[in-house]
Structure formats: structure tokens, C-alpha cells
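By convention in this document, chain letters (A, B, ...) are assigned in the order of the sequence lines, proteins followed by strands, and residues within each chain are numbered from 1. Below, each value reflects all heavy atoms present in this structure, side chains not excepted, and no hydrogens, waters or symmetry copies. All of these numbers come straight from a predicted model, not from anything done at the bench.
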2 protein chains.
Amino acid sequence: MVYSQIVDTTNTTKAPRSEGPRERLLRAADELTYREGMHVGVDAILTAADVARRSLYQHFGGKDGLVTEMLAKTSERTEQLYADALAAGGDDPRERLRSLFAVLEKIPDAPGYRGCPFVNADLTLADPAHPAHDVIRAHKRRLRALLEGELRAAGHPDPAMAGVQLQLLIDGAAAVAASRPDERPAAAARPLVELVISQATPAG
Amino acid sequence: MVYSQIVDTTNTTKAPRSEGPRERLLRAADELTYREGMHVGVDAILTAADVARRSLYQHFGGKDGLVTEMLAKTSERTEQLYADALAAGGDDPRERLRSLFAVLEKIPDAPGYRGCPFVNADLTLADPAHPAHDVIRAHKRRLRALLEGELRAAGHPDPAMAGVQLQLLIDGAAAVAASRPDERPAAAARPLVELVISQATPAG
DNA sequence: CTATAGATAGACCGAGTGGTCTATAGTCAA
DNA sequence: TTGACTATAGACCACTCGGTCTATCTATAG
């Protein structure tokens, strides 16, 4: 039984025809899978992308290929965002991390926020052999390595564990923010993040 | 496309016939929805429960009713587990919390661990009006209230925020443990948990 | 011009979905 | 025994899903 109408084809913003079918499909898959979940139908994606059914299978081989490649693209964009945020913090690794988390803190406040798209996809895709799982795991590992690198540069005594701690705070805050945003988990996470960062005493 | 065979009706353990159909359905739904995800078919649940189709609709009105009631039961069991773990810690609220987290830490090590069943269900059930969402949110709020109560009793300066912090560490560790257990997030979370607890200075 | 490749439109398919229905068997109280 | 209730077995239905297929259109290269 469906309790609410999820797909509203009326208000669906069609991708500009200037892009090719491939780009339009990736964009539509990104929007729809995040908003409605990974179980949106192929038809809904095709309608939103304003693309012929055949083009999807020509370019991506199927729905799984499309969402996997879409997640890979999202991964690239996300990591670029992180790199930029770190760079904005200057040279001190602790300041770079603070700059990163200042950016991360704002993300859940965006309208339509539904949690980390990678965690959501990972938990939603029931089949453990779905190729997207590898993409997701690789992305999370790169993010952890990024954090670990900064912590090591900052002189943290246990950068590997601290990297997991920061990762865990990010994913935990995202999960809580998605279902109970009124608890303001990002604000609650801040002091813990600061603690982990400040444990990295420079040249200690 | 299915990359791996998920449902293995051969090895499915049938519930003992001593219980009534209602209990068998709840038990089968619990096992299957956690192992295979919330999208297991009604047929698979019926087969595992060894129950007639009609009994499901007689007792629960449909699949949604079944999984909602199953989550409510799981919520009860979980909260009882937490209450027992707290009680095992004695009278000092900080020791009670340490006792609780000692129990929580071991959970991801269990074979077949797939993350928090409530978070998973929350993310998997695409329809935001599904009745299970209310059950899940209520469960998480009770858990947070439980943590907050202990923190308040321990004299924590900001028990509300600290409660969110502990909740966030739990959910974050569960999410990471589900997809990258080798990172041992529970162990990484421990020092942060201890920090939050130790901030509650008795009668400070 | 034609030839080729890419895109569109949409019918179509098999499989699987949740849910309804009829018929039958067992169980326990009056 | 009868009657009411519950459970079982399984056919059946409308619908949705991802995916394939044919036919047509369009744009660009030669």
C-alpha cells in the first residue's frame, strides 16, 4: 500500500535539452534516487531525464549501471568539495580540518536533505553483490584516508583511529539529521570533532 | 539484475510449529527483513513462517502492518536490553552508561550484523507516510531520552546535547560497522563515549 | 545527395509484487 | 453432533518492475 504519492511527474523539472542524454540521465538519476530512494523506477528516471528508454540501456547497460556511474560521479564531486574546503583552511592541518567541518556542518540544513547519499544507497541496495557497493566503499575509504592524512600531518598520536572517529561522527550526524533534524546532530558533533582535532598537537 | 541469490528457501529455518501463526510471522519477518532488507516478498515471509497467506492478512492487515508491528516488538526487546545493561551497571549513572556501551560495543561483532535495524528500515522504506517511520522515530527518541536521563542524573552540564552525542556515536558506529567492519568503529567510538560520560562530573 | 550513427517513441515481455478469494481441514465449546 | 472460529492451500488478479524489440526520426560526414 502506498500512503503518499511519491512521484510527481507534474512538477518534475526536466533537464535542459542542451545536455546529451547521458548527462541528463545521470542528473535525473542523481536527483530522483536521492529524493525518492534507490527504488525509483526506470520509467520515472526516463521521464525526468526526457530521454528514450533505449538510450539508457545503450549508455549504461541498465539501471544498475546508471546508478553505479551516477554514484561514481557524485563521489568525484564530493571529494572535490572536500578538497576545496580543506584548501580554504590554509596550511595548518588543524585549521584545514576545521574549515572542512565548517562546510560539512551546513550540509544538513539544506532543504530536502535526506542524509548521506552513499550511506543511504549502501543500506538500501539489498543485493550485496551490486556494483555500487564497491563504489561506495571506495569513496568512504578515500574520505577516511583524506582525514587520516590531515590528522597525521597535524601530529595526531593515532591518526588511523582518529580518522575513523571523524568519519563516524560525519555519518552518525548525517543519519540522525536525516530522520530527526530537530535534534541538531551537527551542532552536537562539533565539540567532539574539535576534541579529535585538538588532540593533534603540532610537533608534540 | 540480481548479482547474487539472496533468498535461499532451502536453508531457511522454519519457525517451530509450537508457536501460533502470528508469532511465526513476526519472527520470520524479523529475520528476513533484517537479513535481506525490507523488500523481501510476502511469499518469502510466508514460506519461512510456514503460514498460510490468509493468516497474514487476518492478523496484520498486510505486509505494512506486519513489519510495523515487528519493528514495535523489536523496539520493546531492544529497550529491555538497554534497561538490563544499565541496571547491570549499578547505581552510579556513569557506570550504568559504561555498562550499556560495553554491551553495545559487542553487537557489531555478531555474525550477520547488518547495522541498526531501525536505521535500515527508516532508509529503506521509501514512502515517508509508511506507519513504520513513526515507530522508528519513537524508538530513537525513547533511546535518546534514556541516555539523557542518565546523563542528567550524572550531573552532565548539557544532558540534552550529550544525549544526542551518544545517539550519534551509536548510529554512526552502526552504519560504519555495517559496510566497513574492518575499520572497527565501535572501538574508535569508545574514547569519545568515555569523554562524554566523564564530562558528567558528579555533583559538580 | 546518400549512408551511417545516435536518439526517440512506444509496444511488448516475463517475472515478481501485494492483495483477494474460494474451498477445505482442524479445533474446541455448547 | 453441531456451529463458530481459525488456519491452510492455492488459484487468481491487477499492477509494477527492469529489460528487449521494432520502427521512425534526425543530424552529420562523405
Worksheet item: Which pair of heavy atoms, one from B/Ser179 and one from A/Asp122, lies closest together, and at what distance?
Response: CB-OD2, 2.8 Å
Discussion item. Is there a salt bridge (charged side-chain N to carboxylate O under 4.0 Å, His left out) between A/Glu148 and A/Arg144? Walk through the geometry before answering.
Written reply: CA-CA 6 Å; A/Glu148 187 178 330; A/Arg144 192 178 64 81; 3.2 Å; yes
Worksheet item: Is the A/His139 ring parallel, tilted or perpendicular to the A/Tyr82 ring (thresholds 30°, 60°)?
Response: tilted
Worksheet item: How close or far is atom P of D/dA7 from atom CG of B/Leu46, stated in whole angstroms?
Response: 14 Å
Fill in: B/Ser99-B/Glu95 side chain donor-acceptor pair, cut-off 3.5 Å
no
Worksheet item: Closest nucleotide of DNA chain C for B/Tyr57 versus for B/Arg54: which of these residues is on the 5' side?
Response: B/Tyr57
Worksheet item: How is A/His39 classified with respect to the nucleic acid when contacts are heavy atoms under 4.0 Å: base, sugar-phosphate, or nothing?
Response: nothing
Practice prompt. Indicate whether OP1 or OP2 belonging to C/dG6 is found under 4.0 Å from a side-chain N or O atom of A/His59.
Written response: no
Worksheet item: Nearest-Å distance, CZ (A/Arg22) to P (C/dA5)?
Response: 19 Å
Worksheet entry | Under 3.5 Å side-chain donor-acceptor pair for A/Ser75 and A/Arg142 | yes
Fill in: Minimum-distance nucleotide to B/Arg53 side chain [options: C/dT8, D/dT8, C/dG18]
C/dG18
Practice prompt. Please state how far atom CG in B/Asp50 lies from atom P in D/dT6, giving the value in whole angstrom units.
Written response: 20 Å
Worksheet item: When the distance from CD1 of B/Ile45 to P of C/dT17 is rounded to whole Å, what number comes out?
Response: 10 Å
Worksheet item: Rounded to the nearest Å, what distance is computed from the NE2 atom of residue A/His130 to the C1' atom of nucleotide D/dG18?
Response: 12 Å
Worksheet entry | Atom pair distance, as rounded to whole Å: CG in B/Asp43 and C1' in C/dG19 | 11 Å
Fill in: Nearest-angstrom distance from the residue atom CG of A/Leu25 to P of D/dG19
13 Å
Item to complete: To the nearest Å, give me how far apart CD (B/Gln58) and P (D/dA9) are.
Response: 16 Å
Worksheet item: Under a 3.5 Å cut-off for both distances, is C/dA30 Watson-Crick or wobble paired, and to whom?
Response: D/dT1
Discussion item. Does C/dT8 have OP1 or OP2 under 4.0 Å away from a side-chain N or O of A/Ser55?
Written reply: yes
